[in-house]
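Reviewing the structure listed below.
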Amino acid sequence: MGKTFTRPVALSEKDTHYCPGCTHGIVHRLVAEVIDELGIRGKTIGVAPVGCAVLAYNYFSFDFMEAAHGRAPAVATGIKRVRPDLMVFTYQGDGDLASIGTAEIIHAANRGEKITTIFINNAVYGMTGGQMAPTTMPGQKTTTTPFGRDVEQTGMPMKMAELLSALMTPAYITRQTVISPKYVIKAKKAIKKAFEYQCEGRCFSLVEVISTCPTNWGMTPVEALSWAETTLLPYYPLGEFKTPDSQGGNDAA
Amino acid sequence: MGKVLMKGNEAIAEAAIRAGCLNYFAYPITPQSEVAEYMARKLPEKGGVFLQGESEIAVGYMVFGAAGCGERVMTTSSGPGISLMSEALSFIACAQLPAVFVNIMRTGPGLGGILPSQADYFQATKGGGHGDYRLIVLAPSSVQEAVEMVMMAFPLSEKYRNPVMILGDGLIGQMMEPVEFPENLIVKPTRKNKWAANGMDTRKSKKRNIVKSLILDPETMNTHNLLLKEKYDQIRKKEVRFETYNMTKPYKVLIVSYGTMARVCKTAVDLLKEEGIEVGLLRPKTLFPFPEKKIREAAAKAHCKMVLSIEMSMGQMVEDVERSVQGKCPVRWYGKCGGEIPPPKELMEMIKGLKL
Amino acid sequence: MSYIFAIDCERCKGCGLCVNFCPKNVLEISDELNKKGYYPAFQARPGDCIYCGSCYMMCPDVAISITSGNIKRKLKK
């Protein structure tokens with residue numbers, strides 16, 4: 001029998017509020033498919049961020065908590081520590097994870113919390129209206145960098161996967177993207193690995209997903225994909241930065 | 001089990017464990033670090049969770065996560081740490097999660113000092129964090145009472161699904177006193193919390209649970225705030241606790257004081273009595289809800305010429321005392337907040353010097 | 001093996017990612033608005049569809065499904 005493609009059960013029936021062409025929807029679906037395939041819907045708790053995915057709890061069909069800006073890894077820590085039998089993941093954007101929640105993500109990773117983090121990096125703040133994120137590219141125009149990001153003033157974009165893979169403890173750190181079907185298949189494999197590692201009781205895993213924000217980039221959804229490919233991917237290389245076997249090292253695969 | 005001599009902070013930790021709280025998250029801060037140290041020693045052998053977070057901000061949300069999946073959880077800190085946790089407190093209160101926070105107060109503002117004070121009265125009773133929320137605030141005046149309040153705090157927070165704060169001054173945390181741990185105070189485990197996000201497998205219905213504080217629809221937000229208000233009104237009606245001392249006598253002066261400060265006031269009341277001066281003392285055990293009615297009635301007595309709010313803060317509780325007295329008699333503040341506690345003699349001289 | 005291809009045109013936001021990635025150029029954007037006010041995608045040349053799932057893979061709104069059954073184009077209301 002060939003492959004069929006239908007809405008995963010772990011995804012709710014609700015239409016998302018995301019803008020047309022926003023890749024959040026693709027990543028939501030991948031997470032839901034993985035949860036279906038692993039059969040863990042009944043014992044999974046998602047932790048939503050602040051950002052466009054603040055309403056993520058509406059789009060999945062299992063238990064959820066909604067954290068404050070950047071604090072999702074701390075909330076997930078609280079859950080996982082008191083209920084190690086539950087599968088816990090955070091779903092965070094780049095403003096949430098790489099700016100206001102830097103302390104929380106670094107320490108959750110370094111403690112080796114047995115959680116999974118899905119990190120959506122689209123180089124901009126979405127929900128608040130297109131302001132500069134720590135991941136915004138040099139020269140990239142946002143509503144708070146109207147003349148383009150000036151790295152003299154704001155530094156260079158933060159490479160969170162690389163930064164976190166410098167830590168000794170985390171089990172699995174990878175960067176993926178969903179800008180074409182080929183990459184979507186790879187990203188799903190990575191997300192599945194991350195959840196499988198959690199099922200096996202391995203420590204912290206993070207899947208960074210290079211995503212798009214057509215609205216705040218001022219592009220059509222298709223243009224946004226190619227901008228991500230030509231501008232973001234050269235700076236944010238894809239690959240596995242850390243696997244349980246290489247734990248302690250940080251060589252990109 | 002008989003009486004044991006224990007440091008306040010350690011007694012607070014032991015009380016929590018005996019109340020069935022095996023989950024504890026904290027960040028070190030003077031003058032309460034012994035709570036964390038005690039928990040770090042004791043919880044592993046009980047199969048509990050001890051975790052030192054990277055900051056009080058994170059700790060606040062670890063409490064959120066643990067409470068959100070229906071487990072009994074506590075954290076302890078002091079003023080500057082509570083400031084950072086106040087963000088989470090607001091979220092926890094909005095999401096209606098039960099949790100116990102302990103503040104062993106030091107002097108402030110800013111980094112302040114590490115000596116005892118009651119400078120966080122406003123922070124505890126008027127918010128601290130953003131938005132319309134209240135904490136149930138319990139104020140112990142002895143190590144024994146701290147133990148009892150910790151044990152009471154868990155069922156209270158679960159009954160109202162609201163965070164409870166134990167507001168003790170540094171002295172309560174640091175001094176050693178004989179304590180006796182009440183038996184049979186362990187309340188049933190909390191796994192059955194129907195609202196908890198603890199996995200759909202844990203319940204028969206396939207309904208999923210969401211723990212959140214985001215409410216975008218104005219009507220729903222207003223309804224939620226009304227629901228919270230109704231809860232706080234119920235707490236105001238049912239949970240007021242206080243102690244009266246020498247209030248059956250025709251006192252000219254009524255002291256309102258709490259915590260360690262109230263103990264010093266008690267001595268002053270005794271010594272003044274020896275000199276033939278009758279002073280009443282009303283000690284709120286709950287700061288929210290505040291014993292407004294009792295204070296109003298006590299101040300309305302014909303023999304009462306003045307109400308004194310004596311605090312280790314620069315006039316914080318006095319605002320609630322004034323609000324309670326409703327102009328029935330003059331209200332004055334007296335206090336110190338540098339870490340020193342006004343001794344009984346100082347209070348006596350001050351009271352004798354009042355123009356009544 | 002046969003398949004049923006469907007686009008839930010009310011879920012579709014007309015972003016065009018499916019159109020862009022269809023290897024057989026099967027899909028197009030409709031010139032009729034759906035209830036949300038978007039121009040949804042539809043199968044303009046259903047006979048050319050090879051049921052590869054590229055469109056499903058890229059659809060952020062999970063508006064596309066490919067299930068096994070008789071080959072026919074089905075538009076959900």
Side-chain angles (χ1 to χ4, degrees), chain A residues 9-10 12 17 35 39-51 53-88 90 100-111 113 115 127, chain B residues 21-25 27 43 48-73 75 84-85 87-92 94-95 97 99 129-130 190-191 195-203 206-216:
Chain A
V9 178
S12 78
H17 70 286
I35 285 169
I40 54 172
R41 190 168 74 100
K43 56 172 183 172
T44 297
I45 316 288
V47 184
V50 171
V54 70
L55 293 167
Y57 55 80
N58 280 333
Y59 309 137
F60 291 97
S61 64
F62 45 84
D63 283 7
F64 239 87
M65 290 199 205
E66 203 283 298
H69 39 229
R71 319 293 182 228
V75 171
T77 298
I79 302 169
K80 190 71 183 188
R81 290 280 174 148
V82 304
R83 289 293 307 274
D85 55 315
L86 297 174
M87 292 295 121
V88 186
T90 70
I100 197 165
T102 349
E104 283 77 9
I105 192 64
I106 287 178
H107 287 278
N110 193 55
R111 282 191 305 264
E113 297 299 339
I115 60 169
M127 183 182 69
Chain B
C21 173
L22 294 180
N23 304 306
Y24 174 83
F25 300 89
Y27 184 84
L43 280 176
V49 172
F50 167 83
L51 185 63
Q52 179 175 328
E54 66 271 28
S55 71
E56 286 95 344
I57 295 177
V59 164
Y61 288 99
M62 290 171 187
V63 170
F64 181 103
C69 51
E71 301 294 318
R72 204 166 268 187
V73 59
T75 185
L84 294 179
M85 288 178 186
E87 182 192 274
L89 271 168
S90 169
F91 280 69
I92 290 169
C94 185
L97 304 178
H130 57 283
T190 54
R191 276 286 166 89
W195 46 265
N198 51 3
M200 291 161 70
D201 284 348
T202 50
R203 61 196 84 100
K206 282 298 136 199
K207 205 180 131 278
R208 69 202 188 97
N209 286 344
I210 297 167
V211 170
K212 69 178 179 85
S213 65
L214 178 72
I215 307 163
L216 291 169

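Excluded from the calculations below are hydrogen atoms, water molecules and symmetry mates; all remaining heavy atoms, backbone and side chain alike, are included. We name chains A, B, ... by the order of the sequence lines, and we start the count at 1 in each one.
Between A:Phe60 and A:Phe62, the angle of the ring planes lies from 30° to 60°, which puts this pair in the tilted group.
At a 4.5 Å heavy-atom cutoff, the contact between B:Leu51 and chain A is made by side-chain atoms alone.
Across A:Asp63 and B:Asn198, no two heavy atoms sit closer than the pair OD2-N, 3.1 Å.
Contact count against chain A (heavy-atom pairs under 4.5 Å) is highest for B:Ala197 among B:Ala58, B:Ser213, B:Ala95, B:Ala197. Interface check for chain B: of the options A:Met65, A:Glu66, A:Arg41, the most heavy-atom pairs under 4.5 Å are formed by A:Met65.
With a 6.0 Å radius and a threshold of 12 heavy atoms from other residues, nucleotides or ligands, B:Phe50 has its CZ atom above the threshold.
In this structure, the side chains of A:Ile45 and B:Cys69 stay at 4.5 Å or more apart for every pair of heavy atoms.
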